[in-house]
Amino acid sequence: GSLDSAEKKVAELSALLSQQHDALSEARSELSDVRAALGAEKDARAAEHDAAKSREAAEMSQQHQALLLQARSAVTESQAALSAEKAARGVEQDAGRQREAVVA
């Protein structure tokens, strides 16, 4: 009888061990899933960070382009003003020559 009870005990322990092994496998699988999810979350965060940087860069680029346009139009305006000033001087000089001619 004691052999039977010993075999029974071994069978119970074996079944328990098998259950624990299954539970351990399941836990390992869950841990792996959690790790994968964390990795994906980390990647998503990094992608978000990159996107934010890209947006900032795009905004800066737009600001730079706007400033460039302003600078260009300012240059164009000052060139036009210089041309007008030259033309006015030319007219003044012509008028001065004509006066001199009239006086002479």
Side-chain angles (χ1 to χ4, degrees):
S2 72
L3 192 63
D4 281 351
S5 74
E7 281 178 355
K8 202 171 166 189
K9 196 80 170 158
V10 167
E12 283 174 13
L13 285 174
S14 180
L16 194 63
L17 200 60
S18 179
Q19 283 178 345
Q20 285 181 338
H21 185 74
D22 291 348
L24 191 61
S25 288
E26 208 174 300
R28 277 201 184 116
S29 167
E30 281 177 22
L31 186 62
S32 177
D33 290 349
V34 167
R35 279 201 183 119
L38 278 175
E41 195 181 332
K42 200 173 173 187
D43 291 348
R45 273 209 203 106
E48 254 176 52
H49 186 69
D50 290 349
K53 276 194 169 168
S54 298
R55 270 197 304 273
E56 281 175 23
E59 284 169 14
M60 289 286 284
S61 168
Q62 281 179 335
Q63 287 175 354
H64 286 168
Q65 283 176 341
L67 286 173
L68 264 177
L69 283 174
Q70 286 178 350
R72 279 196 193 125
S73 73
V75 166
T76 304
E77 283 173 22
S78 60
Q79 282 174 341
L82 275 174
S83 294
E85 203 180 317
K86 265 189 195 164
R89 267 204 215 110
V91 169
E92 267 177 32
Q93 285 175 349
D94 286 351
R97 279 197 213 100
Q98 285 174 355
R99 265 198 305 272
E100 286 170 15
V102 168
V103 170

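- In terms of modelled atom types and a separation under 3.5 Å, the side chain of Ser78 and the main chain of Ala74 share a donor-acceptor contact.
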Next on the checklist: Pair Val10, Glu7 - check side chain to side chain contact (heavy atoms under 4.5 Å, CB included), show working.
Outcome noted: CA-CA 5 Å; Val10 167; Glu7 281 178 355; 5.6 Å; no

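- Once rounded to the nearest 0.5 Å, the distance linking CD of Gln65 with CE of Met60 reads 12.5 Å.
- In the hydrophobic clustering, Leu3 connects to no other residue, as no ILVMFWY side-chain heavy atoms lie under 4.5 Å from its own.
- A donor-acceptor contact shorter than 3.5 Å is absent between the side chain of Ser18 and the backbone of Ser14.
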Next on the checklist: Determine whether Arg45 and His49 satisfy the following criterion, side chain to side chain contact (heavy atoms under 4.5 Å, CB included), listing intermediate values before the conclusion.
Outcome noted: CA-CA 6 Å; Arg45 273 209 203 106; His49 186 69; over 6 Å; no

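- A donor-acceptor pair under 3.5 Å is absent between the side-chain atoms of Ser32 and the main chain of Arg28, judged by distance alone.
- With hydrogens and angles ignored, the 3.5 Å screen pairs a side-chain donor or acceptor of Ser54 with a backbone N or O of Asp50.
- Rounding to the nearest 0.5 Å places CD of Glu41 at 9.5 Å from CD of Glu48.
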Next on the checklist: The test is salt bridge (Lys or Arg N to Asp or Glu O under 4.0 Å); show your working for Arg97 and Asp94 and say whether it passes.
Outcome noted: CA-CA 5 Å; Arg97 279 197 213 100; Asp94 286 351; 2.9 Å; yes

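- Atom-to-atom distance recorded for Leu68:CG and Ser73:OG is 11.0 Å, nearest 0.5 angstrom.
- Atom CD of residue Gln98 and atom CD of residue Gln93 lie 12.5 Å apart, to the nearest 0.5 angstrom.
- Remark: Gln19 pairs with no residue by the side-chain hydrogen bond (donor to acceptor under 3.5 Å, both in side chains) rule, at least two apart or across chains.
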Checklist entry - Going through the checks in order, is the side chain to side chain contact (heavy atoms under 4.5 Å, CB included) test met by Leu17 and Leu13? => result CA-CA 6 Å; Leu17 200 60; Leu13 285 174; over 6 Å; no

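- Atom OG of residue Ser5 and atom CD of residue Glu12 lie 10.0 Å apart, to the nearest 0.5 angstrom.
- Counting side-chain heavy-atom gaps under 4.5 Å among Ile, Leu, Val, Met, Phe, Trp and Tyr, Leu31 is found in no cluster with other residues.
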Item to check | Audit row: Glu59, Arg55, salt bridge (Lys or Arg N to Asp or Glu O under 4.0 Å) steps and yes/no | outcome: CA-CA 6 Å; Glu59 284 169 14; Arg55 270 197 304 273; 5.7 Å; no

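- A 6.0 Å sphere centred on CD of Glu26 holds no more than 12 heavy atoms belonging to other residues, nucleotides or ligands.
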